[in-house]
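Hydrogens, waters and symmetry mates play no part in the numbers below; they use all other heavy atoms, side chains included. A, B, ... follow the sequence lines: proteins, then strands. Residue 1 opens every chain.
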2 protein chains.
Amino acid sequence: MNVEPLLVYISEYVTLTEDEKTFLKSHLTSRKYLKGQYILQQGDVSKTECFIISGCTKMFFVDDDGQEHIINFSIKNWWTSDLGSFISQTPSNFNVQCLEDTEIIQFHFNTIEMLFEKIPKLERVFRKIIEKALVASQNRIVRNFSMSAKERYLVFKQSYPEIEQRIPQYMVASYLGITKEFLSKIKSQISLEH
Amino acid sequence: MNVEPLLVYISEYVTLTEDEKTFLKSHLTSRKYLKGQYILQQGDVSKTECFIISGCTKMFFVDDDGQEHIINFSIKNWWTSDLGSFISQTPSNFNVQCLEDTEIIQFHFNTIEMLFEKIPKLERVFRKIIEKALVASQNRIVRNFSMSAKERYLVFKQSYPEIEQRIPQYMVASYLGITKEFLSKIKSQISLEH
DNA sequence: ATTAAATGTTAATCTAGTTTAACTTTATTT
DNA sequence: AAATAAAGTTAAACTAGATTAACATTTAAT
C-alpha cells in the first residue's frame, strides 16, 4: 500500500510517532479503480473517506431533469467523499466517479472514531481538512453570487490549471453551472480579446 | 454570563465533567450588541467564534459593484463567524451584523487550541459543528445549481420559517441571490396559485 | 485507414431574472 | 398627527445565459 503521500500530507498538520503511523496504517485500506468506475453512487451510504494517491475524480449529482451537476473535482493529495452521507450514514445524493485510473486510501466509518480516540491528533487533522473544505465551499457560493460565468471560468482556470488540462470541457461547464455551448462562447470571446 | 444554552448545546455531542465546564467557562466571554452593530467587519481579522444566545445576525459581503450579498443568517443556538478568517487569521471578506439586539458567547483564537489540548472532546464538538456547516454549504450550492429562484424561496421558507418572520424581505432576496423586485413577483405568483 | 462515438463550435430563438422607475404601504421619528 | 424614512409592489424594457439544432473536430475502436 502506497501510504507515503498520505503520511506526508498528515505531517503538514501534526507529527505522528512511528507507533501511531503503524497503528494508523493497519486500519487503512487502499484501492484501485479504472477510469469510469464509481467510488460512490447516489443512493448508497458513504462508508469511507478517500484520500487520492493518483488519478482524478468528479463528485456530481443528477437533478430531477436528468441533468448532471459537478460539485468538485479531486486529484492527488486531496479528498473526496460525500461528507454528509459519511457523517450521518444516510444515503448519498452524490456520485463519485473516476475520470482516470485512480488509486485511493480509505478511512472507514466503523473505525474512524476509534482512530480519533487512540490518536487525538488525527481528529485535529480532520478538523482542519473540513475547515478548508468549508472555506472552499463558501468561496464557491460567493463566486456564484457575485461573478459572471466568464469571471468564474477565469478563476477556475487560474485556480486549477492542471485540472482543466485533464478533463473534457463540458465537465468544466457543468462545474461552473453553465451549458457547454455557453462556455464555448465564453472561450471564443476570450480568444478574440487577445 | 448566560452560558447554559452553550453547555446544553455541547452536551448533545460530548459529556463534560464539572471541572471541564468550569475551565471552559473561565476562557469564554459574553457580549451584547444592539441592533445594527457589527460583530465583524470586512477587512478585520476574526478573533472569535461566536455562539448566539439570543437575537439574530446576518453574514454578508459587499461586491465590487457595491451590492450586498447575504451568506447566512444565524439565530439562537447557532454559530456565526468567518471561519476562513478565523482559521488563518487573515482579513475577512465578510461582515457580521446584528439584525436585532443580540447576545453571544465568544471562543477566542488565542485560547482555542489550548482549550482543545486540555479538553480534546471540544475538538470533537468543533469538528462536528464544522461538518454540519460544510454539509449545509454544499447543499446550498446544490440548490443554487439545480433549482429556480421560486423553488429556492420555497425551500428557505420551509427550512427557516422563524427567520422569515423576523427579517425584511429584501434580505431574504439577497440570501436567495435575487433582486427584491423579483422576489416580490415570485410571492405574488405564489399567492395567485392558491 | 475507416467508421463510429465522443467532444466541441456556431448561430438563431427563447426565458428567467435584472434594471429602471414610478408608486404604495408600513414603520419610525418628531 | 404629520412628516420622513424604510420596505414592498408593479410593470416595461433589457440581458446573461439556456435551448435547439446543425455542423466540425478529435478520439477511440474495428
Side-chain angles (χ1 to χ4, degrees), chain A residues 34-37 56 58 60 62-70 73 97-101 141 143-157 163-194, chain B residues 34-36 56 58 60 62-70 73 97-101 140-141 143-157 163-194:
Chain A
L34 295 175
K35 178 173 175 173
Q37 284 191 302
C56 183
K58 65 172 175 183
F60 67 99
V62 178
D63 70 21
D64 298 340
D65 305 336
Q67 268 233 302
E68 183 176 315
H69 300 273
I70 295 177
F73 302 105
Q97 188 181 20
C98 298
L99 302 177
E100 303 172 359
D101 294 355
I141 292 175
R143 272 180 256 127
N144 286 338
F145 272 158
S146 59
M147 296 169 107
S148 67
K150 183 175 169 184
E151 290 170 315
R152 276 179 279 145
Y153 169 62
L154 291 172
V155 168
F156 170 78
K157 208 176 158 62
I163 294 182
E164 200 194 358
Q165 308 313 314
R166 287 161 76 172
I167 60 177
Q169 189 171 308
Y170 70 89
M171 290 190 191
V172 177
S174 170
Y175 173 83
L176 295 173
I178 59 178
T179 57
K180 61 188 198 321
E181 290 85 357
F182 192 54
L183 178 53
S184 199
K185 199 168 170 182
I186 286 171
K187 288 183 87 167
S188 81
Q189 247 176 52
I190 290 172
S191 70
L192 288 177
E193 288 168 12
H194 303 294
Chain B
L34 295 175
K35 178 174 175 173
C56 182
K58 65 172 175 182
F60 67 99
V62 178
D63 70 20
D64 298 340
D65 304 337
Q67 269 233 302
E68 183 176 316
H69 300 272
I70 295 178
F73 301 105
Q97 189 181 19
C98 298
L99 302 177
E100 303 173 357
D101 293 356
R140 189 124 187 255
I141 292 175
R143 273 180 256 128
N144 286 338
F145 272 158
S146 59
M147 296 169 107
S148 67
K150 183 175 169 185
E151 290 170 314
R152 276 179 279 144
Y153 169 62
L154 292 171
V155 168
F156 170 79
K157 209 176 156 64
I163 294 183
E164 202 194 358
Q165 307 313 314
R166 286 161 76 170
I167 60 177
Q169 189 171 308
Y170 72 88
M171 290 191 191
V172 176
S174 169
Y175 173 84
L176 294 173
I178 59 177
T179 58
K180 60 190 198 319
E181 290 85 357
F182 193 54
L183 178 54
S184 198
K185 199 169 170 181
I186 286 170
K187 288 183 88 168
S188 81
Q189 249 177 52
I190 288 172
S191 72
L192 287 177
E193 288 167 11
H194 303 293

**Request:** Can you pull out how bent the helix from dA1(C)-dT30(D) to dT30(C)-dA1(D) is, comparing the axes over its first five and last five pairs, to 10°?
**Result:**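 The end axes of the helix from dA1(C)-dT30(D) to dT30(C)-dA1(D) are about 50° apart, to the nearest 10°.
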**Message:** Going by the rule ring-ring contact (aromatic ring centres under 6.0 Å, His included), which residues pair with Phe156(A) if we only count those two or more places apart in sequence or in a different chain?
**Reply:**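 In terms of ring-ring contact (aromatic ring centres under 6.0 Å, His included), with neighbours along the sequence ignored, Phe156(A) is linked to Tyr160(A), Tyr175(A).
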**Item:** Side-chain N or O of Gln169(A) closer than 4.0 Å to phosphate OP1/OP2 of dA6(C)
**Value:**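 No.
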Between atom [atom1] in [X] and atom [atom2] in [N], what is the gap in whole Å?
X: Tyr170(A); N: dA18(D); atom1: OH; atom2: P; value: 17 Å
X: Ile190(B); N: dT9(D); atom1: CD1; atom2: P; value: 12 Å
X: Leu99(B); N: dA7(D); atom1: CG; atom2: C1'; value: 14 Å
X: Gln189(A); N: dT15(D); atom1: CD; atom2: C1'; value: 13 Å
X: Met171(B); N: dG8(D); atom1: CE; atom2: C1'; value: 14 Å

Which atoms of nucleotides 10-20 of chain C (N or O only) lie under 3.5 Å from a protein N or O atom, and what are those distances?
residue: dG17(C); atom: OP1; partner: Ala149(B); partner atom: N; Å: 3.2
residue: dT18(C); atom: OP2; partner: Thr179(B); partner atom: N; Å: 3.3
residue: dT18(C); atom: OP2; partner: Thr179(B); partner atom: OG1; Å: 3.2

Which pair of non-hydrogen atoms, one from [X] and one from [Y], has the smallest distance, and what is that distance?
X: Leu176(A); Y: Arg152(A); result: O-NH1, 2.5 Å
X: Gln97(B); Y: Gly36(B); result: NE2-O, 2.9 Å
X: Phe73(B); Y: Met171(B); result: CZ-O, 3.7 Å

**Asked** Would you say the side-chain atoms of Asp63(A) pair up with the backbone N or O of Asp65(A), donor to acceptor, closer than 3.5 Å?
**Response**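 It does hold such a pair.
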**Prompt:** Does the side chain of Glu68(A) come under 3.5 Å of the side chain of Tyr170(A) through a donor N or O and an acceptor N or O?
**Reply:**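 No - no donor-acceptor pair under 3.5 Å links their side chains.
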**Item:** Rounded distance [0.5 Å steps], NZ in Lys180(A) versus CD in Gln169(A)
**Value:**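 The distance works out to 10.5 Å.
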**Message:** Just verifying a value: how many Å separate Asp101(B) CG and Lys35(B) NZ, rounded to the nearest 0.5 Å?
**Reply:**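 Here the interatomic distance stands at 8.5 Å.
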